[in-house]
Number of protein chains: 2
Amino acid sequence: MNISAAAQLASLPPKTIRYYEDIDLVRPGRLDNGYRDYSESDVHRLRFLQRSRSLGFTIEECRLLLSLYDDDHRASADVKAIANAKILEVDRKIAELQGLKTTLSALARDCHGDDRPECPIMDDLAGHHEQ
Amino acid sequence: MNISAAAQLASLPPKTIRYYEDIDLVRPGRLDNGYRDYSESDVHRLRFLQRSRSLGFTIEECRLLLSLYDDDHRASADVKAIANAKILEVDRKIAELQGLKTTLSALARDCHGDDRPECPIMDDLAGHHEQ
DNA sequence: CCTTGACCTTCCAGTAGATGGAAGCCCTAT
DNA sequence: ATAGGGCTTCCATCTACTGGAAGGTCAAGG
């Protein structure tokens, strides 16, 4: 499959996909005419990248996550430890999004749609969980 | 409060906080000696920025969200519409994180901690929700 | 067969969002 | 008064793309 089909499936611009190849995150095959040729599994990687990047993971974090699947030489114990660490991070992000949603919902609820609300929501703006 | 105290409370580097001032996201006062002076409400803004940036919202999206609280001239109907749109986005992000967590949990579970798992999890890597 | 248009390629420049380091001022503490 | 750490500004660098130019490829139509 060519790059724009892959782009469609992965919800990523072709430019970004080429960039991911430059930095060795994905290694599509090439056709005789020089066109990149993406397999199903390449598209899976790309979708994974799209998802985790849009959720605030850095490229290097994504590379690490992908390496969990790639690296046959990595000890399983390492894989497990890294995966568990990332799960905690994901849980934290979910909690933060839920806090954000609470803030936004309060704002939407308090807006009658015709006048400016009193909104002391600013107090809540930053969430209340200490870290 | 000076910049490093604010940095501590907001979980942001001082450098980033100065940058956010450059691009007019936060406007701390100044002491006579030229030092920046952060109020509680400045720190709230910064925490909010830290939170939403780390969750994948762009600076311009953050600016929009903050403007919901700032702009006394914006119609309430607009605030409500924007807040509701962002709530949908937040819900989508939460769902994606839950998908990511499922993937990572499966990986951690299938790793016995001593040997390489069979892991056909690659199939699941990109999540299964079409967009 | 040849052109037109929509692909694809590489390369190089520019943007967004920070981040690092130098040079110098401020403050407290010995 | 001088050593330390914190603060300031400014400029360079980095990450993660994004845009555009210049040119090759391919399927469709005249």
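Remember, predicted model here, so these are calculated numbers, not experimental data. Lettering of chains follows the sequences in order, A, B, ..., and the numbering in each one begins at 1.
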Worksheet item: Which of these nucleotides, C/dA18, D/dC17, C/dT9, is closest to any side-chain atom of A/R18?
Response: C/dT9
Item to complete: Starting from P on C/dA18, measure out to CZ on B/R63 and report it in whole angstrom.
Response: 11 Å
Worksheet item: Salt bridge or not for B/R27 and B/E21, using N-O below 4.0 Å?
Response: no
Discussion item. Nearest whole Å is fine: how far is C/dG17 C1' from B/I17 CD1?
Written reply: 15 Å
Worksheet item: Using a cut-off of 4.0 Å on non-hydrogen atoms, how would the nucleic acid contact of A/R53 be classed: base, sugar-phosphate, or nothing?
Response: sugar-phosphate
Worksheet, complete the sentence: For A/R63 and A/I23, the nearest pair of non-hydrogen atoms, with its separation, is NH1-O, 2.9 Å
Fill in: A/K86 with A/E89: basic N within carboxylate O range, under 4.0 Å
yes
Worksheet entry | Distance in angstrom units between B/N2 CG and D/dG5 P, rounded | 16 Å
Worksheet item: Do NZ/NE/NH1/NH2 and the carboxylate oxygens of B/D37 and B/R30 come within less than 4.0 Å?
Response: no
Worksheet item: Heavy-atom distance under 4.5 Å between the side chains of A/I94 and A/Q98, does that happen here?
Response: yes
Worksheet item: Is any side-chain nitrogen or oxygen of B/T16 closer than 4.0 Å to OP1 or OP2 of C/dG17?
Response: no
Worksheet item: Taking atom P of C/dG17 as reference, at what distance in whole Å does atom CD of B/Q50 sit?
Response: 16 Å
Discussion item. From OH of B/Y19 over to C1' of D/dC14, roughly how many Å is that when rounded to an integer?
Written reply: 13 Å
Worksheet entry | Whole-Å distance separating the CD atom of B/E60 from the P atom of C/dA16 | 9 Å
Item to complete: Kindly state which residues belonging to residues 21-36 of chain B come within less than 4.0 angstrom of DNA chain D, counting heavy atoms of the residue only, listed by number.
Response: B/R30, B/G34, B/Y35, B/R36
Item to complete: Could you tell me whether A/P14 contacts a base, only the sugar-phosphate backbone, or nothing, with contacts defined as non-hydrogen atoms closer than 4.0 Å?
Response: nothing
Worksheet item: If each of A/S4 and B/T58 is mapped to the nucleotide of DNA chain C with the nearest heavy atom, which maps nearer the 5' terminus, i.e. the 5' end?
Response: A/S4
Discussion item. Quick check: on DNA chain C, is the nucleotide nearest A/K15 upstream (toward 5') of the one nearest A/A5, or the reverse? Name the residue that is more 5'.
Written reply: A/A5
Worksheet item: How close or far is atom P of D/dG24 from atom CD1 of A/I3, stated in whole angstroms?
Response: 20 Å
Practice prompt. Using the rule that two of Ile, Leu, Val, Met, Phe, Trp, Tyr join whenever any of their side-chain heavy atoms come within less than 4.5 Å, decide whether A/M1 and A/F48 are in one cluster.
Written response: yes
Worksheet item: Do you reckon B/I87 sits in the same ILVMFWY cluster as B/L64, going by side-chain contacts under 4.5 Å, direct or chained?
Response: yes
Worksheet item: Roughly, in whole Å, what's the span from CD in A/Q8 to P in C/dA6?
Response: 16 Å
